[in-house]
Amino acid sequence: MLTLALSKGRIYDEAIALLGRIGIEPTVDPDKSRKLILPSNREGLQFLVIRASDVPTYVEYGAADLGVAGKDVLAEYDTKGLYEPLDLGIACCRLMTAGRQGLAFEPGSRVRVATKYVKTAHRYFASKGIQAEIIKLYGSMELAPLVGLADCIVDVVDTGKTLKANGLEPLDLIMEVSSRLILNKAAMKMKHAEVKAFIDEIRHALELKP
Ligand code: ATP
Ligand code: PRP
């Protein structure tokens, strides 16, 4: 049995669309069921539906053999216990700094940053020689500069509509983000043939037109 961990929402939707190209689909709709383990029409394959930021943890501990996680999430996680065999090119966005129009960071200056990407933000501002005080939030980061909690935020941006609706602008690009297939290292050894065949199938799905 192979277990693939996905997060509900855009990653689930886009990953299932990708697997659909090679005829794999869950037999339970997570929007109509409270089940967190979803069987599939492929014998020997099931899905786990969990929080996006929990996917690397499930895969590292072997509770799932494989998972799909955004590069933004992986950058926050110590990924030494994981393989990352494929870029799936789904859930694409950019991790950026954002703030009010005209905000500029001078080397040597101090800045207060609200984000859920604490490690990445620390690394980024340190690389620019800017002293950053990082305030950890779990969502709605765009609010922080509006109410004086922070000077700027680090968050993912796609269309830019969320920033615009809150009077903020994208500033600097930290990284391009897409979702990756991740793999438990022990599963690669213990279930080698199964895992390799599945990865090859996904690689094939990526080559097929949607
Ligand atoms: P959690 O539930 O753990 O807090 P989340 O709410 O960030 O996670 P999603 O919003 O489903 O979960 O995002 C999952 C992944 O999709 C992110 O890690 C990122 O890689 C990507 N992503 C997030 N927002 C967007 C967006 N607006 N457009 C495209 N991709 C996005
Ligand atoms: C994400 C992210 C931004 C928004 C950016 O939130 O946290 O708020 O997308 O996308 P945009 O540039 O196209 O506006 P999401 O919509 O996933 O809601 P969430 O806060 O529940 O993750």
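Keep in mind that this is a model prediction, so the values were computed, not measured. Position 1 is the first residue of the sequence; numbering continues from there. Atoms within a ligand are numbered from 1 in the order they appear, just like the ligands themselves.
- Proximity of a side-chain donor or acceptor of Glu76 to a complementary backbone N or O of Thr120 within less than 3.5 Å is detected.
- In the candidate list Lys116, Met96, Arg10, Arg10 is nearest to atom 9 (O) of ligand 2, counting heavy atoms.
- Protein heavy atom in closest approach to atom 4 (O) of ligand 1: Arg51 NH2, 3.0 Å.
- Nearest non-hydrogen protein atom to atom 1 (C) of ligand 2 is Val156 CG2, 4.2 Å.
- Closest to atom 19 (C) of ligand 1 among all protein heavy atoms lies Asp72 OD2, 3.3 Å.
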**OP:** Dump the intermediate steps for ring-ring contact (aromatic ring centres under 6.0 Å, His included) on Tyr117 and Tyr124, then the final yes or no.
**Re:** CA-CA 10 Å; Tyr117 301 103; Tyr124 174 76; over 10 Å; no
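- Geometrically, Lys185 engages Tyr83 in a cation-pi contact defined by less than 6.0 Å to the ring centre and at most 45° from the axis.
- At the shortest separation from atom 11 (O) of ligand 1 among protein heavy atoms lies Lys8 O, 3.8 Å.
- Near Thr159, with a cut-off below 4.0 Å to any heavy atom, the atoms of ligand 2 are 11 (P), 12 (O), 13 (O), 14 (O).
- Per-residue contacts place Asp158 under 4.0 angstrom from the following atoms of ligand 1 (heavy atoms of the residue considered): 26 (C), 27 (N), 28 (N).
- Under the 3.5 Å distance criterion, the side-chain polar atoms of Asn184 are matched with a main-chain donor or acceptor of Glu60.
- Only the backbone of Cys92 comes within 4.0 Å of ligand 1, judged by heavy-atom distances.
- The protein heavy atom nearest to atom 8 (O) of ligand 1 is Ala52 CB, 3.3 Å.
- Within the 3.5 Å criterion, the main-chain N or O of Glu25 finds a donor-acceptor partner in the side chain of Asn41.
- Only the side chain of Lys116 comes within contact range of ligand 1, with a heavy atom under 4.0 Å; no backbone atom does.
- Of all the heavy atoms of Ile11, the ones lying under 4.0 Å from any atom of ligand 1 belong exclusively to the side chain.
- Taking a distance limit of 4.0 Å, we find that atom 16 (O) of ligand 2 is approached by some protein heavy atom.
- Side-chain contact of Gln131 with Ser109: a donor-acceptor pair under 3.5 Å is absent, judged by distance alone.
- Glu201 and Arg42 are joined by a salt bridge, as a carboxylate oxygen and a charged side-chain nitrogen come within less than 4.0 angstrom of each other.
- Ligand 2 lies out of reach of Lys164, whose nearest heavy atom is not under 4.0 Å from it.
- The atoms of ligand 1 that sit less than 4.0 Å from any heavy atom of Val177 are 20 (O).
- With salt bridges taken as basic N to acidic carboxylate O contacts below 4.0 Å, none links Arg10 and Asp13.
- Near Gly70, the atoms of ligand 1 lying under 4.0 angstrom from a non-hydrogen atom of the residue are 20 (O).
- Here the straight-line distance linking atom NZ of Lys191 with atom CG of Leu2 works out to 5.5 Å at 0.5 Å rounding.
- Side chains of Ser178 and Asp87: a donor on one and an acceptor on the other come within 3.5 Å.
- Looking only at heavy atoms of the protein, atom 9 (P) of ligand 1 is closest to Arg10 NH1, 3.7 Å.
- Proximity of a side-chain donor or acceptor of Thr27 to a complementary backbone N or O of Pro39 within less than 3.5 Å is detected.
- In the vicinity of Val156, heavy-atom distances shorter than 4.0 Å reach the ligand 1 atoms 23 (C), 24 (N).
- For the ligand labelled ligand 2, residue Gly139 lies outside the 4.0 Å heavy-atom shell.
- Taking a cutoff of 4.0 Å between a charged side-chain nitrogen and a carboxylate oxygen, Arg180 and Glu84 qualify as a salt bridge.
- In this structure, Cys93 counts as a contact residue of ligand 1, since one of its heavy atoms falls inside 4.0 Å of the ligand.
- Under a cutoff of 6.0 Å and an axis angle of 45°, Lys136 and Tyr138 form a cation-pi pair.
- Of the protein's non-hydrogen atoms, the one nearest atom 8 (O) of ligand 2 is Glu142 OE2, 2.8 Å.
- Nearest residue to atom 10 (O) of ligand 2 from Asp158, Asp155, Ile153 is Asp158 (criterion: closest heavy atom).
- For ligand 2, the atoms closer than 4.0 angstrom to any heavy atom of Val157 are 12 (O).
- The ligand atoms of ligand 1 that sit less than 4.0 angstrom from a heavy atom of Val73 are 18 (O).
- In this structure, Ser179 does not count as a contact residue of ligand 1, since none of its heavy atoms falls inside 4.0 Å of the ligand.
- Within a 4.0 Å radius of atom 21 (O) of ligand 2, the protein contributes no heavy atom.
- The CG atom of Asp65 sits 9.0 Å away from atom CG of Leu4, with the distance rounded to the nearest 0.5 Å.
- At a threshold of 4.5 Å between side-chain heavy atoms, the hydrophobic network of Ile, Leu, Val, Met, Phe, Trp and Tyr places Met1 and Phe47 in two separate groups.
- For the atom pair Thr97 OG1 and Leu173 CG, the distance stands at 9.0 Å (nearest 0.5 Å).
- Nearest protein heavy-atom contact of atom 14 (O) of ligand 2 is Thr162 OG1, 2.4 Å.
- The Ser53 neighbourhood of ligand 1 comprises atoms 3 (O), with distances under 4.0 Å to a heavy atom of that residue.
- The presence of a protein heavy atom under 4.0 Å from atom 6 (O) of ligand 2 is ruled out.
- Using modelled atom types, one finds no donor on one side chain facing an acceptor on the other under 3.5 Å when comparing Glu142 with Thr162.
- Per-atom contact check: atom 12 (O) of ligand 2 touches the protein, criterion being a heavy-atom distance below 4.0 Å.
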